[in-house]
Amino acid sequence: PPRSVRALSPEPGALARTLARDPSADPKPEPTPHTPGARRPSPDPRPSPRAGVRGPGPGVAAARLHGAPAASAGTRTLSPAPGRRALDALDPAPWPWHPRPAPERSAAGRWPARRGAMDGDEIPEEEFRAVSLLLEHARSEEIDKRLQACKQLERIARALGAERTREELIPFMEQGADDEEEILVAIAEQIAKLAAFLAPHGGAEGLLLPLESFAQIEEGGVRAAVVAAVAAVAETFDVAKTREHLYPMVTRLGAKEWLPCRLTASCLLPIGCAELTPAQRAEYLGLFLSLCGDDAVMVRRMAASNFGSFVRAAAAAAAPGSAELSELKAKVLPQFKALGGDEMDSVRIHICEAAVSLAEGLDRAAVVEQVLPVAVQLSREGKWRVRWSTAVHLPALCAAVGPDTADNTLVPAGTALLNDPEAEVRAAAVANAGALLKTLGRAAAAEAVLPNLLGLAEDPSTHVRLALGTCLSGLAPALGASATAEHLLPVLLALLRDEETDVRLAVLGSLEPLQEVLGVRLLGDSILPSVLGLTTDAKWRVRLAVVSALPLLARQLASDKFTPEILDICMKMLVDPVFSIRKATVDLLAEIIGVCTTSGSTTAAAWVLDRLKQMAEEPAYEPRLTAAMALEALCKPNPKVDEVDPVDLRTDAVPPLLKLARDPIPNVRIAVARALGYVFGAGVGRGLGLDGGLKNSQESDDGMEDIDDMEGIQDCLGRLASDGDPDVVYFAKKALNTKEAGEA
């Protein structure tokens, strides 16, 4: 068919017209005689417009948009005029085809504001030029520039206005269906945003035209973006527009022989299904069933993946007990069985997920008789991927049918999956065991599932034990305190001593649910000794995980009995040979002190400061550096420190900092300078008032002498400001500037 030629010109409506001009027919300029010795005229620095683009656009779809027949073939460009004329693309006045003088600059040397095409809004000059540059990039031959422009189509549309977006920008997007994949994805993503912009002004249905063109692309990423964009556009439709515009587009795509069209239609059928008429839904159902039985495996697989969502939408639209619902069940259930027995496992892998939707949308009798047998059969499937999918969706299916039905039919299938010969299937079954146990209840879980689950603690596969260590603590609320202490706790302690590092890390990261069930005393007596043993683990990642779990342990176990042990672990990690562990402990030290203090400990902060003072006097430089970093962390403004009493904590940190300021190691002196800068910034400490300046009185509110300590801090920072190390000088001067700013 003939292709239309369009140009995004400064004149409104010019994009809808045809440029069928033959460049060879243009009159040739006569040569200018050259006088010897005279300067030749410089060539025009403006770039010439690109002749043609990557491909012509579909004129038929554009004709549908404008209600006019398709124009003859030709070439299109984004802008018929080069250079300066593209900067006036936002001027709503009709733009003659010949050039016109550029507008005069203002006295300040700025271009005057342009008026947009909607409501006469003034467009700032910066926005005007930025959008004009995007228009130039949209016609560039460089992919990066076109991609940059396409990612800001919403910005261009808001500058052009709703009318010019409908008449010019949408046809231009439609013509780019032969562009690169990433550009088409960007356009589809922007169309989803343009729907909300155009909906209040009308014309959002025109966005379906470029999406229908993109739906025929072979790349799956483009089709996925199209489906998301169609869903966004359909949300702005009322019932009439859904029936008038969305329904014909989906049926056209589903009836085409081109494979990508049918693949896209399989995903689009659930969208807007509830707003159609019964006759249209019946046609949708026939189209969907034909796609489920398509000869192409890819189409059947896509239809199977959307089987549940389509049935759920169609069942929700049908009235309860109506003939439409009866017809839906009569046609859908046989097709569900057929897909469950499909020869390709890539199709069968989606059927258990569809069974969940059927169980939620259909009556109980039909589900028990025709849906559950298919799910049980899939749990015994010869292909491990199908069994893996069944293990993933089995808890949701149990929740949909209820515990009474699940106990008789699905629990044996779940138990069999826990003992599957494939490690991937067992790991998936273990990871979803928590949801299964919550559905079944304590009695059925303890009798049927729990023995098989706990037996996997000695599974030869690391993945299975890792999944068990991750989910085991989450089973405690479903089992209760007695069963947790009797069955789960021994297995957890065994997994904490597992030979694989990842298993021990998984257990350490999932201890929080146990405290609510077991209580502080029982949990501390059982878990804390095992955690203490992990502080000497040969794997540094395990020791780092212990440090990461310390705030959680402090919240769960903080009491007069366990707080000293938790703080002792902190001090032990501060002298670890691995710097990452020392740094992680320093970062969490303030939080741990805050948790312990909030839980009732009155000596946590003082105990930590005493230990840091001892570290500051060590002959080796690493403990001194760690002590300086820890004191800096305690002086740093932090909500978790403020829970402790920032004045006391930071003022007590000043004396060891003043002593460390004379350390021979520059890194230690840098930490001291930063810490004193935080003290000045917070406006606390001996010798600083709460307003950050010197106090007039000789005593602070707590009766301590202020001026002497303040003079000592100032002398210390002044000495560091003249240090021989430039980094020390930088942070010292920064601290002094902070103090001066506070006084000002």
Side-chain angles (χ1 to χ4, degrees), residues 501-502 504-505 508-509 531-532 534-555 565-596 604-605 607-644 646 649-650 652-653 656-657 659-661 663-679 681-682 720 725 727-728 730-732 734-735:
T501 304
D502 292 337
R504 302 195 294 273
L505 295 177
L508 284 174
V531 174
L532 286 173
L534 293 177
T535 58
T536 59
D537 195 277
K539 302 290 186 179
W540 71 271
R541 292 176 56 217
V542 176
R543 303 198 302 274
L544 183 61
V546 171
V547 174
S548 302
L550 284 177
L552 174 62
L553 291 174
R555 283 191 293 269
E565 298 184 35
I566 295 173
L567 295 177
D568 189 65
I569 295 176
C570 292
M571 294 298 106
K572 189 174 182 179
M573 294 293 100
L574 282 176
V575 295
D576 194 273
V578 178
F579 175 78
S580 298
I581 297 176
R582 300 197 301 271
K583 183 65 169 62
T585 308
V586 165
D587 295 338
L588 295 174
L589 189 60
E591 180 180 358
I592 295 170
I593 294 176
V595 172
C596 293
W607 189 85
V608 170
L609 285 172
D610 289 340
R611 296 292 297 271
L612 292 179
K613 291 177 183 178
Q614 296 176 13
M615 293 176 60
E617 297 176 357
E618 291 287 337
Y621 86 94
E622 284 186 354
R624 300 198 309 273
L625 176 60
T626 305
M629 294 170 58
L631 292 171
E632 176 193 350
L634 296 180
C635 293
K636 184 185 302 185
N638 192 328
K640 299 180 176 62
V641 179
D642 293 339
E643 296 174 358
V644 180
L649 187 59
R650 289 169 182 150
D652 290 341
L657 285 173
K659 187 173 183 179
L660 288 171
D663 196 277
I665 303 300
N667 288 343
V668 177
R669 302 197 300 274
I670 290 174
V672 170
R674 286 200 300 255
L676 293 179
Y678 292 133
V679 172
L720 293 176
D725 188 278
D727 294 326
V728 177
Y730 169 79
F731 286 105
K734 185 177 180 181

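Quantities reported herein were computed from a predicted structural model and do not represent experimental measurements.
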Would you mind telling me which of Leu625, Val728, Val672 makes a side-chain contact (heavy atoms from CB on, under 4.5 Å) with Asn667? Leu625
Option from Leu588, Leu550, Val608 for which side-chain contact (heavy atoms from CB on, under 4.5 Å) with Cys570 holds: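 Exactly one pass, corresponding to Leu550.
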Check this for me, if you would: do [X] and [Y] make a salt bridge, where the nitrogen-to-carboxylate-oxygen distance has to be below 4.0 angstrom?
X	Y	result
Asp725	Arg669	no
Arg541	Asp502	yes
Asp587	Lys583	yes

Can you measure from OG1 (Thr585) to CD1 (Ile592) and round to the nearest 0.5 angstrom?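 Between Thr585 OG1 and Ile592 CD1, I get 7.5 Å after rounding to 0.5 Å.
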Taking all heavy atoms of [X] and all of [Y], pick out the closest pair and write down the distance.
X	Y	value
Leu567	Trp607	CB-CZ3, 3.5 Å
Ala628	Ala671	CB-CB, 3.7 Å
Leu589	Ala630	CD2-CB, 4.0 Å
Ala673	Phe731	CB-CB, 3.8 Å
Trp540	Ser580	CZ3-CB, 4.5 Å
Pro656	Asp652	CD-O, 3.5 Å

Just jot down the salt bridge (charged side-chain N to carboxylate O under 4.0 Å, His left out) partners of Lys539, sequence neighbours excluded, or say none.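 Counting only residues at least two positions away or on another chain, Lys539 forms no salt bridge (charged side-chain N to carboxylate O under 4.0 Å, His left out).
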Given the rule in the side chain to side chain contact (heavy atoms under 4.5 Å, CB included) test, do Leu660 and Leu631 qualify, once you have shown the distances and angles that lead to the verdict? CA-CA 11 Å; Leu660 288 171; Leu631 292 171; 4.2 Å; yes
Evaluate Lys572 against Thr536 for side chain to side chain contact (heavy atoms under 4.5 Å, CB included), listing each step before the verdict. CA-CA 10 Å; Lys572 189 174 182 179; Thr536 59; 3.3 Å; yes
Check the pair Leu634 / Leu609 against side chain to side chain contact (heavy atoms under 4.5 Å, CB included), numbers first and verdict last. CA-CA 10 Å; Leu634 296 180; Leu609 285 172; 3.9 Å; yes
Would you tabulate the side-chain donor-acceptor contacts of residues 612-623 under 3.5 Å, counting partners in other chains and residues two or more places apart, or write 'none'?
{"unit_1": "Glu617", "atom_1": "OE2", "unit_2": "Lys659", "atom_2": "NZ", "d": "3.2"}

N/O donor-acceptor pair under 3.5 Å between Arg543 side chain and Asp537 backbone: yes
